[in-house]
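Residue numbers run from 1 in the order of the sequence given.
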Amino acid sequence: MGTTTLQFPVPAARTEPRGARLAAEAFGALLAGLAQLFRKAPLTRAQEAQAVFALAWQLRDTEPALAADLCAAACHHSGE
């Protein structure tokens, strides 16, 4: 019987370029700052109710019962 020997080259350890970690952290901080800058403010209860009223208005002709329920829910949510 013959023997077969397999040799696999071991890849050399890669080193990161100088300053790569610092640059990556700075870029991450920049992105986090931009995300904070452009983040929308949460809606108020009145704005949420207005959005539901707008949806109810769109559905009033095709789904009148659902539109009525949405209006009632919006009134309850806004405290009216």
Side-chain angles (χ1 to χ4, degrees):
M1 284 206 169
T3 36
T4 304
T5 304
L6 297 175
Q7 295 182 357
F8 295 101
V10 177
R14 293 187 182 195
T15 58
E16 57 190 37
R18 267 185 247 142
R21 185 176 307 252
L22 179 64
E25 289 174 1
F27 186 70
L30 174 69
L31 286 181
L34 287 175
Q36 186 75 356
L37 182 65
F38 291 106
R39 184 171 289 134
K40 290 184 179 180
L43 295 177
T44 63
R45 290 179 75 85
Q47 290 170 328
E48 289 173 343
Q50 185 61 36
V52 174
F53 276 126
L55 178 62
W57 186 254
Q58 291 174 355
L59 296 174
R60 73 187 185 287
D61 292 331
T62 57
E63 296 286 338
L66 177 59
D69 288 344
L70 286 173
C71 285
C75 285
H76 179 73
H77 183 71
S78 65
E80 294 179 7

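- Using modelled atom types, one side-chain atom of Arg60 and one backbone atom of Trp57 make a donor-acceptor pair closer than 3.5 Å.
- Across all non-hydrogen atoms, the minimal contact from Val52 to Leu70 is CG1-O, 3.5 Å.
- No continuous path of ILVMFWY side-chain contacts below 4.5 Å connects Phe27 to Leu22, so the two sit in separate hydrophobic clusters.
- For the pair Ala56 and Ala67, the tightest heavy-atom approach, listed with the atom from each and the gap, is O-CB, 3.4 Å.
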